[in-house]
Amino acid sequence: PSGEEKVLRDIFRTVQQDGVDYQVGAFVDITDLAIANQSGERISLRYDELYDSGLTPVAIVDVHGSIQQANQAFCSFFADTFDNLKNKKLVRFALDEFTSRFNDALKKACREVGVFQELDLSYIASNGRTIPVRQKMLAEYKQASTDNSDVAVYVYFEASLSTSNNFGSL
């Protein structure tokens, strides 16, 4: 929507009183949400590009941090298969000293849908290797939902802090 347009959502309910059905309704201004969704769609397309490139480790986690999708680069990063990683909480791979920072960033990403959360932390791959990374998280609503429990959280590793290898960036 442009600066002049408003996006309204109609909310109508049937209420019964004294055996008579009444239609009660209101229009709610959801312009800000529509703008955020448009921005999120552009970011989602960029995530899809990173995901498909195979160069940048990218995963999608649920609100609890459980891995739902992961590209091959993500699986290779952890020296594991997607079948072994699926539904495991990503935080379980983080060094203990980073657990609370990860959880705080995930909660904040889910509260502030559409806002990047960035943190530096270290993960332990399945082969025992410790890898420090700069990680970004971004939550967006699934489909047309506005319920914060119905979000997908994109996680990608922007850079390995142990090497000069930059995976990719938004």
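Because the structure is a prediction, the values reported are computed rather than measured. Heavy-atom basis, side chains included; hydrogens, waters and symmetry copies ignored.
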Heavy-atom side-chain contact between Phe116 and Leu138 under 4.5 Å: yes
Min side-chain heavy-atom separation Phe93-Ile124 under 4.5 Å: no
Value rounded to 0.5 Å, distance of CE in Met137 from OH in Tyr154: 15.0 Å
Heavy-atom pair of closest approach, residues Lys86 and Gln68: CE-O, 4.3 Å
Considering all heavy atoms, the nearest Arg101-Asp120 contact: NH2-O, 2.6 Å
Test item: Glu112 and Gln117 side chains (from C-beta on) under 4.5 Å apart, heavy atoms: yes
Asp62 side chain vs His64 backbone, donor-acceptor pair below 3.5 Å: yes
Atom of Ala79, atom of Ser126 and distance for their closest heavy-atom approach: O-CB, 3.6 Å
side-chain contact (heavy atoms from CB on, under 4.5 Å) evaluation trace for Phe78 with Ile131: CA-CA 9 Å; Phe78 284 103; Ile131 312 156; over 6 Å; no
Test side chain to side chain donor-acceptor pair (under 3.5 Å) applied to Asn84 - qualifying residues, sequence neighbours left out: Asp80, Thr81
Pair Phe102-Lys89, side-chain contact (heavy atoms from CB on, under 4.5 Å): steps then yes or no: CA-CA 11 Å; Phe102 176 92; Lys89 291 191 179 209; over 6 Å; no
Ring geometry between Tyr123 and Phe157 (parallel below 30°, tilted from 30 to 60°, perpendicular above 60°): tilted
Min side-chain heavy-atom separation Leu90-Phe74 under 4.5 Å: yes
4.5 Å side-chain heavy-atom contact, Phe98 and Leu119: no
Which atom of Ala70 lies closest to which atom of Ile67, heavy atoms considered: CB-CG2, 4.3 Å
Exercise: identify the closest heavy-atom pair between Asn71 and Pro57: OD1-CA, 3.8 Å
Arg129 CZ to Ser122 OG distance, which is reported to the nearest 0.5 Å: 11.5 Å
